[in-house]
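This report refers to the structure that appears directly beneath it.
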Amino acid sequence: MAVRLRLTRVGAKKNPIWRVVAADQRSKRDGRVLETIGHYNAQTEPSTITLDEEKVRAWLAKGAQPSNSVAKLLKIQGITGPTAGPTA
């Protein structure tokens, strides 16, 4: 099973808030997730990014690949690792 760190949308209509989750890459965007590891709200000024760094590093160590958008959030938070770059 290929695990991907990606965003899933929550919140009301026209009021998106995003969760950073670890999920099977074959599941739907808002489908089944393995674990929620953070939150992202782009509507606040400045944007709010809350990540559980310990969980993120654990998933990266297990081979999870971050999506392009999550890789940018990891870079902003200063979380780097051997596989913390964007996926192809």
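When reading the values below, keep in mind they use all heavy atoms of this one structure, side chains included, and skip hydrogens, waters and symmetry mates.
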Would a hydrophobic clustering, with Ile, Leu, Val, Met, Phe, Trp and Tyr connected at side-chain separations under 4.5 Å, put Val56 with Val70? yes
First locate atom CG of Leu73, then atom NE2 of His39, and finally report the distance between them rounded to the nearest 0.5 Å. 13.0 Å
Using residues 43-52 as the side-chain source, report each donor-acceptor pair under 3.5 Å to any protein atom, sequence neighbours left out, with the distance given to one decimal.
{"residue": "Thr44", "atom": "OG1", "partner": "Asn41", "partner atom": "O", "Å": "3.4"}
{"residue": "Thr44", "atom": "OG1", "partner": "Pro46", "partner atom": "O", "Å": "2.8"}
{"residue": "Thr44", "atom": "OG1", "partner": "Thr48", "partner atom": "N", "Å": "3.2"}
{"residue": "Thr44", "atom": "OG1", "partner": "Thr48", "partner atom": "OG1", "Å": "2.8"}
{"residue": "Asp52", "atom": "OD1", "partner": "Glu54", "partner atom": "N", "Å": "3.3"}

Co-membership, hydrophobic cluster, residues Val3 and Ile79, 4.5 Å side-chain: yes
Contacts under 3.5 angstrom, residues 8-17 side chains, donor-acceptor by atom type, not counting sequence neighbours:
{"residue": "Thr8", "atom": "OG1", "partner": "Arg29", "partner atom": "O", "Å": "2.9"}
{"residue": "Thr8", "atom": "OG1", "partner": "Asp30", "partner atom": "OD1", "Å": "2.8"}

Are any of the side-chain heavy atoms of Pro66 and Leu60 separated by less than 4.5 Å? yes
Does the side chain of Leu7 reach to within under 4.5 Å of the side chain of Val20, using non-hydrogen atoms? yes
Please, which pairs that meet salt bridge (charged side-chain N to carboxylate O under 4.0 Å, His left out) have at least one residue in residues 32-44, sequence neighbours excluded? Glu35-Lys55
Return the CD to OG distance between Gln25 and Ser67, rounded to the nearest 0.5 Å. 11.5 Å
Can Val33 be reached from Ile37 by stepping across I, L, V, M, F, W or Y side chains whose heavy atoms are under 4.5 Å apart? no
If you group Ile, Leu, Val, Met, Phe, Trp and Tyr by side-chain heavy-atom gaps below 4.5 Å, do Trp59 and Ile76 land in one group? yes
